[in-house]
Structures are given as C-alpha cells and as structure tokens.
Amino acid sequence: MSIPERSLTVLVAALGGEGGGVLADWLMHAARDCGFPAQATSIPGVAQRTGATTYYLEIFPAKREVLGGREPVMSLTPSPGNVDVMVASELLEAGRAMQNGFVSPERTTLIASTHRIYATVEKMQMADGRFPEERVLAAAKQLAKHAVLFDMRKMAEDNGTVINAVLFGAMTGSGALPLPRAACETAIMRAGKGAQASLRGFAAGYDIAAGARPPPALSPRPPPPETREIIELGVARLRDYQGEAYARLYLERIATLGNADPELVGETGRQLALWMSYEDIIRVADLKTRRSRFARVRQEVGAKDGEPVIMIDYLKPGLDEMASLLPPFLGRRLLSWAGARGKLDAYNVGLHVKTSGIGGYLLMRSLAWLKPWRPRTYRYREEQALIERWLAAVRAAAPGSTALALEIVACAGLLKGYGETHRRGRSNFLAILDDLVQNPAAGDAAARTPAIRNAREAALADPEQKALEKTLGRPVTWLRPAKSR
Amino acid sequence: MERSFATEIESLKLGEGQTFRGEGILAVTKALLQSGVSYVGGYQGAPVSHLLDVMVQARDYMDELGVHVEACTNEASAAALLGASIAYPVRGAVTWKSIVGTNVASDALSYLSTAGVMGGALIVAGEDYGEGASVALERTHAFAMKSSLWMLDPRPSLPVIVRMVEKGFELSEASNSPVIVDLRIRACHVQGEFRARANRPAALSTRHRGAAAGFDYDRLSHPPAIFRQERLKVEVRLPAARRFIAEHKLNEVFDGELRELGIIVQGGLYNNVLRALQLLGLADAFGASRLPILALNVVYPLVPEEIVGFCRDKRAVLLLEEGQPEFIEQDVATTLRRHDAQVKLHGKDLMPLAGEYSTEHMAQGLRKFLAQHEPRLDLPGGGRWLAEVAGVRERAAKLLGSPLPARPPGFCVGCPERPVFAALKLAERETGRPHISGDIGCHAFATFEPFSMGNSILGYGMSLASAAAVGPMMAQRPLAVMGDGGFWHNGLLSGVASSQLNRGDSVLVIMKNGYSSATGTQELLSSPPPQARDASGRSAVHADRTIENALAGLGVNWVKTVSTYDVAKMKRTLTEALTTEAQGLKVIIADGECQLERQRRVRPATARQLAAGERVVRVKYGVDEDTCTGDHSCIRLSGCPTLTVKDNPDPLRRDPVATVIDGCVGCGLCGENAHAATLCPSFYRAEVIHNPTLRDRVLRGLRNLLVPA
Ligand code: SF4
C-alpha cells in the first residue's frame, strides 16, 4: 500500500453548545478504530458561551502498521487553502469559513447546514438587519469543490437528536472522509447515552449527502404580493379591523392616486393598509383573544392535545393608550398636560392578564368590544389627519417622479411600535415630512429622493436618533420621560 | 462544576505500559502523578482549568495517593503554595492562566525563586495567546527571565509534553529552581495518546506526614540571605540547569540536507513550522525536513554551547519566536556575538513583530529567508499556495459582498446577569450614562451588543479600584461591575477595602451568581450550600451570606440585594445608588444563580418526573407575531439567544418579527423587560401543564366553555 503524502484535514465551525466537542471525539474514535493516526484540537475558552468556535482535526489515512514506526507530524492550526473537509453547523459560519479562506475550489468539501441562527447585531436592528443568506449560498456553491448544503437542524429535530450527529453523517456520506460508515457508527455507539437518536440523525445526514434520499424540502419564501393582491389583503384587513365602511375608505384613498405607476399603488396600498389598522388597545385585545391565537400559542410552546396551557399577557397601558380611547378634545388635553410635565410614561400600570382564564379573557374581550367606539376617539382623528397629509404629499410627488413618491410612501414604515417606540417613530416621520417632503431645500426630484432615503435610513440607524439629527442638521424632539437629574 | 470528569479520572489511574488517550492538559495531570507530586494547586482559567477540575473531582483517588489538592482563591496563593518545596524535599505543581495569573502570582514567585527549592516545583502555565485568547497579550517569558524560573515550551505531542513534565521536576531539583511548563491554548486541548507509567506515591505526603524543618536562615528570602541568593541564581543554579538540559537532551535537533541553513524554533511551534515546510515542499508528513531544525523545548535558559553548535558551519539561521519582545532572538544574538560566530541571524526582521505565528506567516517568512540565502531553491508549490489563498479570500469577499456580522460569545440563555444590564440601560435614560468600570468574568459580555457598555477593564477583581480616581473627577458617580469570582479573587481587598480606607463614593454591582462561571462554574467561598441547591430551579445563592457578611465586616453600610430578574427594582436601585445624597461606597448585590448550574439540576429532575407521569409545569415565553411591529427594542434590551427574529408572517409587512424559539428556559426577563421598559403588548408567558391532574382537566373543560384556549 502506498503511503499518502499528507494528512486529511477537517475544520469544524460551530456555535457553543452544539456538541462540536463530541463530534471531534467521534471522529477521533472512528479514526483510531481504523488504525489511522489522528489528532484533534480546539480553542473552547469562553467561546463555549454561545459564540462562534472551531475544532480542528487531522487524520492520516494509512494504518499505523504500514508506517514502520514513523509518526506523522500534525499541525495544530488549520491553514487556509489546506482544508479537505470544512464543516459549518450554521450558514453564517460557513460564510465566515469562506471569508477566512478555508474553502478552496481545488480541495474543500463543504458540509454546512443552511439554517440561520442570527447574531445579535443582525437581530437588534430597528428594521431588517439579517445578512442576505442567498449570498452565502451562492458563494458556497462557487467556492467549494463539492458542497453539501441542507437544513441539518431540521433533520436533527425530526430525528430527536443534536445537529452534530447529522453533520457527522453528512461528512461520512459525502465520501470526503477516509472512514467507513461502520467505524463512524461504532464511534457513536460507544457513547451509550442518546446513541440511538444520534444514529438516526447520522443515517439521515449520510443518506442525504450520499444522494440516497432527498434533502428536506426548502419552504421557499412566498414572493411579495403583487399590487392587486395587496389591495385585496388591505381590504380584508380593514374590513376585519373596522368594518365595511372603513374598507371602502381605504379603496377611495387608493383611488385618489389615479393611474399612477402600479408599483407605487402597491406600496402605497401596503403602507396604507398597515397604517389604517394601527395597533391601539382595542386591536391588541381583539388579536389576543382570537381562537387562532390560542391555537398558535399552543403550537409554539409545544403543548400536546389535552395539556392545559395557561397564558399570561404582559400589558402596560398608560396615558397614551388611555388618551387614544378618549374623545378628541379630552385626549388632546390629557396628552399635552402630561407631555409638558414629562409624565407621559409616568402612569403606566403593569398588568399580568391571564387571557386563558375567564376573568382575563372577559377583560380583554370587553376592550375588543369597544371597536364601534373607535372612530370617535382622539387617536383615530389624529391618525386619519396624518394619513391624509402623507397621501397628499405622495399624490403631489407622483406625477413628477415615481421614485420620489415611493420614498415618501416608504417613510410610513417608520411608524411602528407602541408607547415610547411609537412616539419616537412618529417624531422621526414628522421631522422628515416637515423638512424634506413639504419644505425641501433643493428643488428637483432627483436630489430630493436620495435625501429622503438617507434620512429614513438614518432614522433606523439608532434608537437615540443621533444619525437622523445629524442628517437633518437639527434636533428631533419627541415626548420622552424627563431626566430626573 | 459544569463538567464531569468521571472517565478522565479513570485514565489518571492507568498503570505501566497502558495507553493514555485524552487532551494535553490531562496528560500533564497524569504526568504529575507519575512524577510523585505531594501537592497540587492553582486557579481556574482557560486553557488549564481542567487540570485542577479533574483533581478536585478525583479527591478520593488523590487521598489514596496522599496528594493534597488546593483550589486556591487566586494565583498569588497558588504560587505561595510552592513554598512547601523550599524547605522540604517534596514535589508540587500549580497551574493558572498566563499572562494574567503569572502577574498576580509574581510577588510570591520572586521570593520563591530567590530562596530556591529543594523539592521539584512546577508551574503549569496556560499561555493564553493568539486565536481564542481572552486576556492582555504579553509573554510569560519575561517573568522566567527576571525571576530565574526555567521555562519549558514542549513540542505539542503528548509523549513529549509528558516527558517534559517529568524532566521538569528533575531539572527543578538539579538546579534548585522552580520550572514553568508553558502550554499554548491548542496544546492544552490537543487530543492524542502516550504510553503511561505507574503513578508514584510521594515519600512525604498527606498519608506519610513528617516533622517541621529546622531553622535555616539561608532558606529565607530576607536580608542578608538575599544577597547570597542572587549570586547563587547565576553562579550555581543557572549553570546547573544548563548542564541538566544539555545532558538530558531536552532540546532536539532534527537534521536536514541543507546543512548551511537552519531553523531555531520554540518547541510549541514545531508542528506548525513543519506544516509550513511541507507546504513549501521542504518536508514530508513525518517531519523529515530538508532544513535542519533546532526545537527548543526549553526556551529559558538557552544553552550557549547548543546554540553555537547548531549554528556552526551555517550561513544563516531563521529564529521563529512568537510574541514580543523577541527575547530568545536577543539571547541568541548575544551568544553568537560572544562566540564570534559568523552565521547570519534572522527573526523578527522577516516575521511579524506581534501576534500568533500561523502556518501562513511562517511559510511567508521562510520564503523570504530562502530567497535571500538559497535563491536557486525551487518552491513552486509553496508560491502557488500562498497566491491561491489570497485569491480565494478575495473571491469570497466579492461573493459575500460585505463583511459578515461578528458573533462574539455572549450571556447564556436565561443568564441572571443579562437583566442587570437591561436595567442599567433603562436607568441610564434617567441618570445619563455613568463611567462604567468593567471586570473579568461573564459580565464582560456586556461590552458586546446589544449593551456595548464599559469604559475600562483592568484585570480580575479590579473594577472598583480602577474607578477610584475617576469618581472624584466626574460629575456623575462611576459604576463598577464585578463578579463574585472577581470579588474573592482580588476585589474585596483591592477594591472594597481600599474604597473604605479612602472614603470612596462609587457604586459597585456584585454579580452574585454563586460560582466562577466563566471558567466552568467552579466553587467559590460563597457558593450556595449543597442543601439549598434543589431541583426546583429556583436560585439558591441567597442561602449563602458570606459576601454580605464580609461587606458588613468592612463597614460598608449601603448594601442592597436585588434579584437580578426584577428589572424594574434593579433599575430603581441603580438610579438611587447613582443619585443618592448618601456618601460612601454603595453596593448592589445582584442576586441570581448561574443558569447553567440551575439547569443542570432541573433538567434531569424534570425528565425523571415526566417519565414517572408526574405533573410538571413548563414555562416558556413568547411573542405574538400579529402584534409585533418589528422594531426589536426587546432584543436591544436582551440579546438572549432564544429571543430572536423570524420572517414576518404578515404578507403586508416586511421587517422580521421577534420570536422566542425552543430552548427558552422561562427565566422571565422577557416579561420583566416588557414591563420595565414599557415595550409592547406582544409578550406572553405560557405555562404548559404536562401530565395534567383530573383537577387540571376539569378546570380546563370549564374554561373552554367560554375561552377557546
Ligand atoms: S424568558 Fe426571554 S430572556 Fe428568559 S430565557 Fe426565555 S427568551 Fe431568554
């Protein structure tokens, strides 16, 4: 038997708590059972606490007997361009491996799970901060010599095991390891506890990588709805929200756009439907007491049939919510009184409402039953007035520049959240509307469009509004609790 | 403790000729027993925690062998432990993370090395340098030189590491000096095997006690003995050490056909330099290199004759020495100059001045070296490889479009420390952001998103002390954060006592989670008593009051204990501490047991109850997707791994909604934050009743008449 020139190298990128260490142990055991010299090392440290970490292995694919007492010298660190099998337990980590040069077209088999576990910086953004996964997938297909990509977390869940078993199976099934399936399975069995589930996960991964069974079907993102669909969805939403007449009002408002560009009509229809169905306490109480909601929660928490689920909602209504239910003159007085004293958030009461119990349910339902009263409230009046102002601006811009009109439409996306978050969003929206939409400095649409876009993006850059203030060159004030010192 | 070492303990008992399999640091542990140690101590910290952890768990076996095991409160007490080997012929070893541990230990180390040792004294230092490091990056080497401690840097192969530990004791005894065995992170965790020898019980041990030594002034590091001892170091101990190193061939020379050139390398880097040579086509997989190599398993002291001998008849040598300053290179240069050796010496002129030496760096350095001294040598493979790597990285960057988001470590799911920073973020809105003095421990994760808090980190238990001069200059009081681990390590004296003496006016938050959690939940002086650690999953730390009593004993009057999960109360307390008229140190004890330890108790108990058909209530939090508007304020106040985002199920909305995924341990922070920050009405708490009783079922039936739950 000829002696190979070099060790086979395996780099595993995992997140803390995913069993990367166990996977390395399995590989070591399997390699030893085959009589191959092998070495594994890692840098656990604090990375074991939910951060990204790596395990590195080298296997010399020749039996010790034929080496005549010689020991291969193995490296302790992976080097770029010299990884035979790159394993990533999550998609972004596969991207990181590529970024660091560990996936080479000449040499590397890439085994990666396609699910995402978002990093904190991705999920904390005020809008959508997620890294575009298509880019990682496309890069993986282009950069690896051979790529095995599927949702291994799902496979693990389906088989009642941890992702490391599926990864191990996929590595073996890809044919990139010099280890026969039986040796790998023996290594898993040796662990005893949970071995049966691990073996199932291993088999699933093996079969998919070897092409013997199809990977779990991707649930593709539904394409964004088209204009007609949007309007239909909007109508249905508003009919549910406030009845037939309100839905008609929606259609009338859309009609004022005339024969504008369909994309503009669609976007306006989308934002308008969301805005008109603003989340007041009546809406929230209504949504929280629907049959579909109870069913969804039961499913989310994994309750089986027959298992009771107690649901407790965290509500903390305050003056905002109160005012939004009052008639306009009272609501306005209340808020300006509280705003002037910095007491807008001073009277919120934290409630734990047991919505699954009879008392809590009735409390919530009684709020939901206030729906017919809504058109007479302060909040309703305010929202409709601002909607009209916004629509007028869109209408004014549309004939000259669809792009400009679209930017103005998009600003409505700043209005979201509740309480303080909502006040902040509204102040951002108003600041942009005042400064850039209705009193613009530069005249032509080509200059105004990017100015509005920049301001909108700045408004979403940080919750302290520093970026927006810089962009507009003035402070954006909003009603927030006064500093006590 | 986080991890059980049951199987590892068995491998410590292996006898003569059996094969030990396991990681580097446990091989060291076994080698200590094979060397007949009488005592072992240390302070936990990556990458050497396992050495002590396994010994603590193997207490019974250690008793049998007569080995005393001491889990020290810091590295200074660990170093002082070695004092036993000054006056008694006993072998002992201590371990810690370096550079930081060596810094803390340095006072005792100076005295120890000055007095000199009779029995072998070994320090197993985990060199926390390069990828995976978590401390200030400095070299332990400097301490070896200044204190005359001999330093071993073994080739990262288990048989070599074990041999070096065994020889280290002999070296220590032959030269009356303590010896450091320095192991890099990956060497501590490298999995390999070696042929074991039988463990050797010590002559003097907990099983065979002796009498106290007689008075001998020469063993005291005290004038006038110190003057003699300093001379002994250089006149007697150093030459003895060099003799031993040469005689026992601790350093290794690997010949190669390009005899006029050579590489001198720290032992610990040997494997990686061979890989670089292999990639350049200059070595095979078994370590046969065309360039001769001197691998320094002992990096201090060097043996001048060995250096000169290796360099004789060579035109040029390349010295590969990681980190800075380049102590070895300077040492070698002096030696060569003194011997008037004409070889050309390269090192940091061709290699990076700072940072870890990766295979890629070494290959680049070697290429430069060979281009100067052997330009006719053909290195086609190596050149292609280096170019390819650059090309692949460039392509990846282009395809990915923008750099990937970082994923630093963070607080665990349901961690009790996270809520403190949520509360601080809320308190700041009222008080303004104070100067925040950080410390070492899990709470340092608050320096990352979503909290991004902290103005300085000055070492373990140093947060309060490092704010002492800030307070008097700031309009606002500074706030120091410290873990209970840091409090016992150093914070009590350096921080609290000093603040009391100087009438400091800072705020100190002590994270009382019950363990040294970041290093693997080792026990502390204030860990909750075993009987308080029940399977209910409730925090048990209130059952121990050692910290409170210590503070009272030092005369700290303003002490408030607040459950960490009570965000509103924590926010009020922080605001009060930052703004109160009361002068003096204000301590907030953030009371909440490490979630890892709680889950370790709860999980098996729950599994047992479920299997036995008992009623179990499981709590999980959730977000209503149809009321969530996708602003993610909740995530900016938490960062819990199980509070994340998902595609918006509403076809009219674009931004992802927040969601709580499986794995939520129901710590309650989500609900507390929703209330304390008045976030939104989307959060709910669900209690699932498994194995419901008849009563549960009847009640549900009744509710269902009205509520569709
Ligand atoms: S309640 Fe929230 S913070 Fe606590 S474990 Fe669950 S998701 Fe994480």
Side-chain angles (χ1 to χ4, degrees), chain A residues 6 28 40-43 45-47 49-52 70 72-73 75-76 79-81 95-96 98-99 101 104 118-124 127-128 135 139 225 270 273-274 284 287 291 294 300-301 303 308-316 348 350 356 358 361 416-419 421 484-485, chain B residues 46 132 134 156 185-186 189-191 271-272 274-275 285-287 359 388-389 392-393 396 399-401 404-405 407-410 430 449-450 579 620 622 626-627 629 631 633 635-636 639 641 644-645 651-652 655 671 674-675 678 680-681 683-689 692 696 700 707-709:
Chain A
R6 55 175 172 81
M28 285 294 286
T41 184
S42 57
I43 41 162
V46 285
R49 308 284 184 239
T50 76
R70 291 190 301 169
V73 177
S75 176
L76 275 76
S79 46
R96 205 179 308 283
M98 291 186 268
Q99 183 174 277
S104 97
Y118 301 112
T120 306
V121 283
E122 295 181 273
K123 56 190 193 182
M124 68 184 270
D128 190 353
R135 281 202 231 148
R270 191 175 76 80
L274 292 173
V284 169
L287 291 172
R291 183 175 293 274
F294 288 111
E300 250 179 45
V301 299
V309 177
I310 312 286
M311 284 171 225
I312 295 151
D313 281 302
Y314 284 75
L315 304 180
K316 199 176 181 189
N348 291 58
S356 62
I358 291 182
Y361 181 77
K416 57 182 176 181
Y418 299 81
T421 308
S484 68
R485 205 179 121 145
Chain B
S134 57
I185 302 175
R186 287 179 186 268
H189 298 303
V190 72
Q191 296 274 345
N271 288 31
N272 287 3
L274 261 173
R275 176 54 45 86
F286 301 94
T359 310
E388 253 171 43
V389 169
V392 164
R393 281 210 193 96
L399 287 167
L400 292 169
L404 297 170
R407 200 191 305 264
E430 292 170 23
E449 286 89 0
T579 55
K620 186 183 177 275
D626 44 17
T627 57
T629 58
D631 172 72
S633 305
I635 292 171
R636 291 193 290 279
T644 178
V645 294
L652 292 181
D655 292 337
H675 269 178
T678 322
C680 75
F683 280 94
Y684 65 81
R685 169 190 166 95
E687 300 172 2
V688 188
I689 304 175
D696 290 322
R700 179 173 184 221
V707 189

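Because the structure is a prediction, the values reported are computed rather than measured. To find a chain, count down the sequence lines: A is the first, B the second, and so on, and within it residues start at 1. Values below: all heavy atoms of this structure, side chains included; hydrogens, waters and symmetry mates excluded.
- Ranking Gly401(B), Pro405(B), Ala686(B) against chain A, the residue ahead of the rest is Pro405(B), based on heavy-atom pairs under 4.5 Å.
- Of the two parts of Tyr361(A), only the side chain, counted from C-beta on, holds a non-hydrogen atom closer than 4.5 Å to a non-hydrogen atom of chain B.
- Ranked by non-hydrogen atom pairs under 4.5 Å with chain A, the options Ala674(B), Pro450(B), Gly622(B), Gly639(B) are led by Pro450(B).
- Across Ala303(A), Pro225(A), Gly350(A), the residue that shares the most heavy-atom pairs under 4.5 angstrom with chain B is Gly350(A).
- In terms of modelled atom types and a separation under 3.5 Å, the side chain of Gln99(A) and the main chain of Leu404(B) share a donor-acceptor contact.
- Ranking Thr359(B), Asp631(B), Val190(B) against chain A, the residue ahead of the rest is Asp631(B), based on heavy-atom pairs under 4.5 Å.
- For Asp313(A), the parts sitting under 4.5 Å from any heavy atom of chain B are the backbone and the side chain alike.
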**Asked** Are Thr421(A) and Cys680(B) close enough, and set up right, to give a side chain to side chain contact (heavy atoms under 4.5 Å, CB included), and what steps lead you there?
**Response** CA-CA 9 Å; Thr421(A) 308; Cys680(B) 75; over 6 Å; no
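- The two atoms that bring Arg270(A) and Leu652(B) nearest to each other are NH1-O, 2.5 Å, heavy atoms only.
- Between the Thr41(A) side chain and the Arg186(B) main chain, a donor and an acceptor come within less than 3.5 Å of each other.
- Only the side chain of Arg700(B) comes within contact range of chain A, with at least one heavy atom under 4.5 Å from a heavy atom of that chain.
- Looking only at heavy-atom pairs under 4.5 Å with chain B, the residue among Gly417(A), Ser104(A), Gly419(A) that has the most is Gly417(A).
- Annotation for Glu687(B) and Ile312(A): closest pair OE2-CD1, 3.8 Å, computed over non-hydrogen atoms.
- Taking all atoms of both residues into account, the shortest heavy-atom contact from Lys416(A) to Thr629(B) is CD-O, 3.1 Å.
- Contacts between Leu274(B) and chain A at a heavy-atom distance below 4.5 Å involve the side chain alone, from C-beta outward.
- No other option in Met311(A), Met98(A), Glu300(A), Arg6(A) has as many heavy-atom pairs under 4.5 Å with chain B as Glu300(A).
- By the side-chain hydrogen bond (donor to acceptor under 3.5 Å, both in side chains) test, Thr644(B) is found to be paired with no residue, residues two or more places apart in sequence or in another chain being considered.
- A distance of 4.5 Å separates CG in Asp626(B) from CG in Leu287(A), rounded to the nearest 0.5 Å.
- When every heavy atom of Ser356(A) is checked against every heavy atom of Val707(B), the shortest pair comes out as O-CG1, 3.9 Å.
- Proximity to chain B involves both the backbone and the side chain of Leu76(A), based on heavy atoms less than 4.5 angstrom apart.
- Options Ala139(A), Pro80(A), Gly95(A), Ala273(A) differ in how many heavy-atom pairs under 4.5 Å they form with chain B, and the most are formed by Pro80(A).
- In this model, a donor atom of one side chain and an acceptor atom of the other lie less than 3.5 Å apart for Asn272(B) and Ser75(A).
- With a threshold of 4.5 angstrom between heavy atoms, Val389(B) approaches chain A through side-chain atoms but not through N, CA, C or O.
- Every residue meeting the ring-ring contact (aromatic ring centres under 6.0 Å, His included) condition with Phe286(B), not counting sequence neighbours, appears here in chain and number order: Phe60(A).
- For a residue to count as touching a neighbouring chain, one of its non-hydrogen atoms must lie under 4.5 Å from one of that chain's; by this rule Arg407(B) touches chain A with backbone and side chain alike.
- Highest contact tally toward chain A, considering only Pro692(B), Gly671(B), Gly287(B), is held by Gly671(B) [criterion: heavy-atom pairs under 4.5 Å].
- Counting all heavy atoms, side chain and backbone alike, Leu315(A) lies closest to Pro681(B) at CD2-CB, 3.4 Å.
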**Message:** side chain to side chain contact (heavy atoms under 4.5 Å, CB included), that's the test. Do Tyr418(A) and Thr678(B) meet it? Break it down for me.
**Reply:** CA-CA 8 Å; Tyr418(A) 299 81; Thr678(B) 322; over 6 Å; no
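- Most heavy-atom pairs under 4.5 Å with chain A: of the set Glu388(B), Gln191(B), His675(B), this distinction falls to His675(B).
- Leu399(B) has its side chain out of reach of Arg135(A): every pair of non-hydrogen atoms, C-beta onward, lies at least 4.5 Å apart.
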